[in-house]
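Below: the structure, in structure tokens.
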Amino acid sequence: MLASGPAAADWGAASISELDAAVIEVASDGETYTTVEAGSPAIKGRIRMYLDTHDFGRVRSWAFWPSIQADGAHKKQFPELKVSKSYSLGDRPKKVKRDLPFSISRQAYKSYAVEACNQLASRLRNDLGRTNEQIFEADRLLSVQVRAEITWDMSGLANEIPPAKEQVDPDSIGKPKVKDVTINCMKVPSPPIVPAVTGVAMIVNGYDPVNRGGQCQMRLKGAISSNVPSLDVTFRYVDGTGKESDLKTVNTTADQSGNFEHSYPFSPGHKTGKVRIVGENFNFASDWKDYDFQCGEKPTKDFATLLPPQIKFLEVGVMAPQFENQGYICPLKAKMVGGYRGRGPSSGKAVLTANGQVQKMTAFSIEEGETKVIDEEFNLPWSRVGGPFTQSVRYVFTLYNAEGAEVDRITAGGRYSCEQIVNAAVLQLEPDFTIRAPRRFARNGQIVLEGAKPDQVFELAFLLKTKRGYKAYTSPQLPKQMTGGKASFNPRVLGAGNWRLKVCEVKEVKRTVGSQSCQQSDFKLMKGKAPGQKKTSVRGGRE
């Protein structure tokens, strides 16, 4: 409140009686906040004013206008929006009451909103040491106080008893109608994802052996287009009952388009249903295509029995023994274990590779519901690895059918580090703890370490599975450390997908880079699954 020379008995006040809710959105470019989004609303409300000169005074003039002040920023007044009035001699009132609307446009407040967000960014840099990446990775909200500013000229007498202030209480006027005004200093928007597969078209025809001779078939053909040339696209056919075909591959060649054509034998009878294409290595799906045709002669197989086996998991781990290498203790061997399950009579080959080199290849013959396992030890190649002696290995488990076509694949990554020998004592590579949860499928966000001591401190890192490997994921809502063997995290912060938790023991002994005592566990979060629902165990990531 501002006053212009009031006498002792003069009294006045102005307050916000109504205020519409408003969220002002300020965009950023990763280094600074730049502009107010066009959709941000005007700040609208009403100002209530009350003036009283008591027994002998008169009101000569008055004016009021709105102001705003964001958290940590200076006040911004808008005198250009003032409402005012002056009274001529003989027409001056003893009391004045007004309740009038105001509106602060986006054009009027936009420079202030941008400045308030950049002041917030400066405080985060200077006071908390935050980097630009940390500052602009999340939306940041500033509360805005909207006030009424007032000035007046009144002629009350100094020896009068002032009017009781209970006549108007600005803090109690219309508060239920006063809503929040907020500035949202927005995070850097993620770049738009351009789909690799831009289009898919398919037609479905039936082949009737009664009229044409041969075996009854469903024939599917069409084309897939991409946004880059020579793109390998893998997909499956899926029918309306959920049955899936084996894995198919199309290359879009130089013209960014690839054709496909496949046939499936059908059992005799009237065949109706629908079928579509679902992408395997890229996220896409075609429209459903209905079919309706009659099969007259009995074929050898139908669509349901052509399903190939499916990989269920690929796990890798370090094996004893270890060996001394230039002042370090290094793991000598790793082991791969893969599992797959039959979905109908099928045969082919199962292959394990490490860094592109075949480690084991075995022929298989499998029935529906049967589960088989393939495993092999792998000698870690340290001869070409320099200090600080850390290497990553890419493991792949692939299934091929009897014709040599790939039908399923899963990948896993392993990272191996050597431990430096300190004070002639060998630092054990094998950590003295293991991760019991989360593993495989996680639901409740519990972290459980077996073998951990109550006073042991561990660093935590969450990594998201992507097409190129695992990428570190950070959020203020995720724990960065834990003490003892039990902790928790909020699964909703991570969201659905394939995840990896890395746990490293924090020790006082100084170590070289990459030599911490660490364990990691892969797990999956499903979208929309009820707690306690059974799920099939899968580890690794599909290509």
Side-chain angles (χ1 to χ4, degrees), residues 197 200 202 204 215-222 224 232-251 258 260-267 271 273-286 299-315 336-353 358-376 395-412 498 524 535-543:
V197 175
V200 55
M202 180 180 67
V204 183
Q215 183 171 276
C216 186
Q217 297 178 355
M218 177 174 64
R219 293 179 173 176
L220 308 102
K221 61 181 179 180
I224 293 175
D232 286 330
V233 181
T234 56
F235 63 91
R236 299 180 191 274
Y237 297 110
V238 179
D239 73 3
T241 66
K243 297 175 183 175
E244 298 179 344
S245 74
D246 53 345
L247 196 65
K248 306 297 183 183
T249 301
V250 168
N251 185 279
F260 60 86
E261 182 173 354
H262 303 98
S263 298
Y264 288 93
F266 260 21
S267 56
K271 299 298 179 181
K274 60 182 181 179
V275 65
R276 69 172 178 173
I277 286 176
V278 176
E280 184 74 11
N281 61 340
F282 297 105
N283 184 23
F284 70 93
S286 70
T300 57
K301 295 180 179 180
D302 64 17
F303 188 75
T305 61
L306 291 179
L307 295 176
Q310 187 176 50
I311 294 175
K312 307 309 293 182
F313 66 86
L314 172 61
E315 297 185 353
M336 301 170 279
V337 181
Y340 54 107
R341 184 177 180 84
R343 297 187 294 171
S346 181
S347 61
K349 291 182 179 180
V351 180
L352 292 174
T353 64
V358 175
Q359 303 299 317
K360 188 171 186 178
M361 178 186 297
T362 181
F364 68 82
S365 179
I366 196 168
E367 299 293 330
E368 183 175 1
E370 184 181 3
T371 299
K372 292 194 173 185
V373 174
I374 178 175
D375 63 271
E376 183 66 16
Y395 301 97
V396 181
F397 176 23
T398 311
L399 294 178
Y400 298 89
N401 62 19
E403 289 75 32
E406 180 182 313
V407 295
D408 205 1
R409 171 183 292 218
I410 191 171
T411 64
N498 292 296
K524 191 168 187 177
K535 306 177 179 70
T536 305
S537 173
V538 179
R539 297 193 66 184
R542 296 185 181 277
E543 290 188 324

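Numbering starts at 1 and runs along the sequence shown.
- Here the straight-line distance linking atom OH of Tyr237 with atom CG of Leu220 works out to 5.0 Å at 0.5 Å rounding.
- Ring-plane geometry between Phe260 and His262 is classed as parallel, the angle between the planes falling under 30 degrees on a 0 to 90 degree scale with a further cut at 60.
- Looking at heavy atoms from C-beta onward, Met336 lies out of side-chain contact with Phe397 at the 4.5 angstrom threshold.
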Go through the steps to decide whether Val373 and Val337 satisfy the test side-chain contact (heavy atoms from CB on, under 4.5 Å), and finish with yes or no. CA-CA 7 Å; Val373 174; Val337 181; 3.7 Å; yes
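- For the atom pair NZ of Lys360 and CG of Leu352, the computed distance is 7.5 Å after rounding to the nearest 0.5 Å.
- When atom types are taken as modelled, the side chain of Asp246 and the backbone of Val407 share no donor-acceptor pair closer than 3.5 angstrom.
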Going through the checks in order, is the side-chain contact (heavy atoms from CB on, under 4.5 Å) test met by Ile374 and Phe364? CA-CA 10 Å; Ile374 178 175; Phe364 68 82; over 6 Å; no
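- Note on Glu261 versus Arg219: no salt bridge recorded, every NZ/NE/NH1/NH2 to OD/OE distance being 4.0 Å or above.
- Heavy atoms of other residues, nucleotides or ligands lying less than 6.0 angstrom from CG of Asn251 number more than 12.
- Residues Val233 and Phe284 form a side-chain contact, since some pair of their non-hydrogen atoms from C-beta on lies under 4.5 Å apart.
- Looking at Lys349, its side chain never comes within 3.5 Å of a backbone N or O of Gly404 through a donor-acceptor pair.
- Annotation for Ala285 and Arg276: closest pair CB-NH1, 4.0 Å, computed over non-hydrogen atoms.
- Distance check: Gln310 CD to Leu399 CG gives 9.5 Å after rounding to the nearest 0.5 Å.
- At least one donor-acceptor pair under 3.5 Å links the side chain of Lys372 to the backbone N or O of Ser365.
- When atom types are taken as modelled, the side chain of Arg341 and the backbone of Gly369 share a donor-acceptor pair closer than 3.5 angstrom.
- A donor-acceptor pair shorter than 3.5 Å cannot be found between the side chains of Thr249 and Asp232.
- Using a 4.5 Å cut-off on side-chain heavy atoms (C-beta onward), Arg343 and Pro308 make contact.
- In this structure the side chain of Lys312 never reaches within 4.5 angstrom of the side chain of Thr371, judged on heavy atoms.
- Side-chain atoms of Ser286 come within 3.5 Å of backbone N or O of Ile277 as a donor-acceptor pair.
- Annotation: the span from Lys248 atom NZ to Ile224 atom CD1 amounts to 12.0 Å, rounded to 0.5 Å.
- Using modelled atom types, one side-chain atom of Asp408 and one backbone atom of Ile311 make a donor-acceptor pair closer than 3.5 Å.
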The test is side-chain contact (heavy atoms from CB on, under 4.5 Å); show your working for Phe313 and Ile410 and say whether it passes. CA-CA 8 Å; Phe313 66 86; Ile410 191 171; 5.7 Å; no
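- Rounding to the nearest 0.5 angstrom, the gap separating the CZ atom in Phe235 from the CE atom in Met202 is 9.0 Å.
- Considering only residues two or more places apart in sequence or on other chains, Thr398 meets the side chain to side chain contact (heavy atoms under 4.5 Å, CB included) condition with Val396, Tyr400, Glu406, Arg409.
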